[in-house]
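The block underneath contains the structure these notes are about, expressed in structure tokens.
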Number of protein chains: 2
Amino acid sequence: MTVERSAPPTISEVAAEAGVGRATAARTLGGYGYVSPELRSRVLAAAERLGYRANALARSMSTGVSHTLGVIVADIGNPFFAGVVRGISDASRARGFDTIVLSTHESLDEEIAAMHVLIDKQVDGIVVASAALGPKTSAHIAEAWSRGIPVVLVDRAVPGLELDAVVIDNREAAREAVTALIAAGHRRVGFVWGPPIAGRPDRRRDLVDAAARNLWTDGERLRGYLDALDDAGLPFDADLVMVGEKTEERAIAEVERMLGLDDRVTALFCTETDAVTGALRAIRATGFRVPADVSLIGFDDSSWAAVMEPPLTMIEQPMLALGTRAAEVLLALIDGAPRSQPDGAFRHTLDTRLVERSSVAPPSA
Amino acid sequence: MTVERSAPPTISEVAAEAGVGRATAARTLGGYGYVSPELRSRVLAAAERLGYRANALARSMSTGVSHTLGVIVADIGNPFFAGVVRGISDASRARGFDTIVLSTHESLDEEIAAMHVLIDKQVDGIVVASAALGPKTSAHIAEAWSRGIPVVLVDRAVPGLELDAVVIDNREAAREAVTALIAAGHRRVGFVWGPPIAGRPDRRRDLVDAAARNLWTDGERLRGYLDALDDAGLPFDADLVMVGEKTEERAIAEVERMLGLDDRVTALFCTETDAVTGALRAIRATGFRVPADVSLIGFDDSSWAAVMEPPLTMIEQPMLALGTRAAEVLLALIDGAPRSQPDGAFRHTLDTRLVERSSVAPPSA
DNA sequence: GCGAATGGCGAGACCGGGCTCTCGAGCCCG
DNA sequence: CGGGCTCGAGAGCCCGGTCTCGCCATTCGC
């Protein structure tokens, strides 16, 4: 295939071709101002002949609007974030906005760099699932705002940052799941996995403090777990929670440990997909069975969970809706909508659903 | 939070603040040309004070380079494409390029529109997993090329379009999987699922022809299935292949049908994740068991497949590598590398791996 | 000691559009 | 028949950078 590359035609060339002034061609092609039917059709014909396409960059330069949204997530390869991005993408595309997606690999430095890339590229708004932990680590988000770029948080709120945040109630979802486990009769419920903090605090208070200084979702899910324990009057046992680096390997080791305890765990609450698969491997390796020997509930439902043996009871997150809602809120902000009222109204909380299948049963004895 | 929004400072303002000419400030901030240490530090200080950030759009305007890559896939929410995009994103980010991702929902019209968006936004290159079926339906791809924008295909090649394509050998991977099933003793192997063509051709030749006029990956996988049958001297039976709309619901119905045949299917080859879960549901619904009653091999390995009961034998695709490689090839093209030689060298074929686990066993009797 | 080479800096053109403003032509009306 | 309007179209500035070119000052060479 021999392709001929010629410099793309500009509006001046179209004007020359049509024998009209540049402004007239611009008005016709830009769809603004008045142009007589006669000249309009001549311009259109010339543009067609030349294969003219407007340079969106040049247009953005003079209008100051790029019709582009920036999206920052930890990992676009993660099915959860991919779903959220899909939601954002579909909703914004429907409104004529395109999206630039940046992955931060869960690093705050990369997130800051990503924010700068988006600011420099003059995006009209930003949706971010931030790894920021509080006001002190979220200066980059405030910076975007101060430059006039609306920002909406998705999936992860940032405590102390009064920005619109589209999230689920992680704490409540976790509490509901753990409560279901307790309701089935379990008193030794393991938590897999928590915030990536170093060491494992023995005291509950230390744990909560450490969690508060960590990823928002992790902390919330841990608190939901604790809430359920409190509701049922069950004691907190540091041996039943896994914190630290979140890898499937560690999950396997930790769950095997919990399963090997004298007063072993009889139910597991897993906060992420990989925590679920890790737990499953550990359960299998130790010869136990779900749900006869150990019950399990995990976060992030997927079509796989339904075909497992047994089908897994999971917490379903509205991934797409999280994205579309975030995009809608952001687009409204771009349109100049006043920001949500203070006092917690910044939170747009979407419902989760506990999809009950067959991985929960009463403890064996 | 009361944010003060002020117009972002421009290079002229920085120059004024520093008391130097605009060009000097531009040279300093743009990192080109010579500036004396004295003035340089004054400019830097002024920029710092004003919080200056270069407008990437304006820069792209004059340089003609946007440092942005466009990516077009069917569905960014699909874990497979999400993985590919992650690969592209990481590889290009490392080279200073950002990515704009567009989902086409498997529609050629949306793909064409997406291509135009990217052309208009002046991206430096495009990676596309195209739904185009041949030269006639890929004019939009040729158009991008003719405008000087390099395009690299990923995952899906387009027959007759001599562009660099980073793919896996779908036909060979399918042949290998089906051959493994046949080697285990199966003679009635079902194919789930094929190209979304209407009706089910009874004659093998018609099927192949229809497939050739359809999605490249689907056709290749179907041919690999047929190859394996031929290799083993097994007859083709239209009753054992599922074509048409690819939904999990239909897969369930079709597999139940294949399982209900007098001479029923004893092994299943599934070409996608949802085809696997659909097949599994059908198998379970009919009371059969894997692998005792029916063996199964599917495409797209995931961490779930390994924790299934039994663990599933799957074909692993190098999602990330597909993406990184595509980005590398594209970036090389952007750097002005000559295009690959004709005669098939346009194909960059990455290896797949048949991950053998426990879902394949000899037929029951 | 004076012309020339060199070095440092800034004026201004340019990228490709948006948009304002002015100017000219045509029309209506008194 | 001329004044006032309206309507249509094009000249020209702007967006915020890049980059060429030329000016001025210093220094070098003979």
Side-chain angles (χ1 to χ4, degrees), chain A residues 6-44 46-47 50-68 116-117 119-124 147-148, chain B residues 6-44 46-47 50-68 116-117 119-124 147-148:
Chain A
S6 43
T10 69
I11 214 159
S12 300
E13 301 177 50
V14 173
E17 171 82 11
V20 302
R22 204 168 53 88
T24 303
R27 270 193 294 264
T28 304
L29 272 1
Y32 61 93
Y34 181 94
V35 182
S36 65
E38 153 71 7
L39 292 195
R40 151 174 298 273
S41 62
R42 259 165 59 197
V43 171
L44 255 19
L50 265 33
Y52 172 81
R53 292 208 62 85
N55 181 328
L57 255 37
R59 177 170 292 167
S60 294
M61 278 254 17
S62 55
T63 59
V65 169
S66 63
H67 283 285
T68 304
H116 284 158
V117 165
I119 290 173
D120 294 353
K121 281 218 187 331
Q122 313 288 115
V123 297
D124 296 332
R147 285 172 190 275
Chain B
S6 44
T10 70
I11 215 159
S12 300
E13 300 177 51
V14 173
E17 171 83 11
V20 302
R22 205 163 53 91
T24 302
R27 269 194 295 265
T28 304
L29 271 2
Y32 59 93
Y34 180 94
V35 182
S36 65
E38 153 70 9
L39 293 195
R40 151 173 298 272
S41 60
R42 258 166 59 198
V43 170
L44 256 19
L50 264 34
Y52 172 80
R53 291 209 62 87
N55 180 327
L57 255 36
R59 177 169 292 167
S60 295
M61 278 250 24
S62 57
T63 59
V65 169
S66 64
H67 283 285
T68 303
H116 284 158
V117 165
I119 289 173
D120 294 352
K121 280 215 186 332
Q122 312 289 112
V123 297
D124 296 332
R147 285 171 190 274

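Each chain gets a letter, A, B and so on, in the order the sequences are listed, and its residues count up from 1. These numbers were taken from a predicted model, which means no experiment stands behind them.
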Legend entry - Interatomic distance where CD belongs to A/Q122 and P belongs to C/dG17 [whole Å]: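 Those two atoms, CD and P, are 18 Å apart.
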Inset, instruction - Starting from P on C/dT6, measure out to OH on B/Y34 and report it in whole angstrom. - result: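 Distance, rounded to whole Å: 16 Å.
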Legend entry - Interface limits on DNA chain D, where chain A has a heavy atom under 4.0 Å of a nucleotide atom: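 Nucleotide range with atoms under 4.0 Å of chain A: D/dG8 to D/dG16.
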Who passes side-chain hydrogen bond (donor to acceptor under 3.5 Å, both in side chains) against [X], sequence neighbours left out?
X: B/S66; result: B/D124
X: A/R42; result: A/E38
X: B/D120; result: A/R53

Legend entry - End-to-end axis angle, where each axis spans five pairs of the helix from C/dG1-D/dC30 to C/dG30-D/dC1, to 10°: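 Roughly 60° between the end axes, to the nearest 10°.
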Legend entry - N/O donor-acceptor pair, side chain A/R27 with base C/dG17, under 3.5 angstrom: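 Result: no qualifying N/O pair found.
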Inset, instruction - Please list residues of residues 57-66 of chain B whose heavy atoms come under 4.0 Å from any atom in DNA chain C, ordered by number; otherwise none. - result: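 Close to the strand are B/M61, B/S62.
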Inset, instruction - Mind running a 4.0 Å heavy-atom check of residues 35-42 of chain A against DNA chain C and sending the residues that fall below it, in number order? - result: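 Listed by number, there are none.
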Legend entry - Distance in Å, A/K121 NZ paired with A/S60 OG, rounded so as to fall on 0.5 Å steps: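 Spacing of NZ (A/K121) from OG (A/S60) equals 12.0 Å.
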Atom pairs and distances, donor-acceptor, side-chain atoms in residues 15-29 of chain A, under 3.5 Å, two or more places apart:
unit_1, atom_1, unit_2, atom_2, d
A/E17, OE2, A/R49, NH1, 2.3
A/R27, NE, A/Y34, O, 3.2
A/T28, OG1, A/T24, O, 2.9

Inset, instruction - May I ask you to list the residues of residues 11-25 of chain B, by number, that have any heavy atom positioned under 4.0 Å from an atom of DNA chain D? - result: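 Contacts with DNA chain D under 4.0 Å: B/I11, B/R22, B/A23.
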Legend entry - With sequence neighbours excluded, residues passing side chain to side chain contact (heavy atoms under 4.5 Å, CB included) with B/T63: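 Per chain and number, B/T63 pairs via side chain to side chain contact (heavy atoms under 4.5 Å, CB included) with B/R59, B/V65.
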Inset, instruction - Could you list the residues that satisfy side chain to side chain contact (heavy atoms under 4.5 Å, CB included) with B/S41, not counting sequence neighbours? - result: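 Per chain and number, B/S41 pairs via side chain to side chain contact (heavy atoms under 4.5 Å, CB included) with no residue.
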Inset, instruction - Respond yes when some side-chain nitrogen or oxygen of A/Y52 is under 4.0 Å from OP1 or OP2 of C/dG17, and no when none is. - result: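 Yes, such a contact exists.
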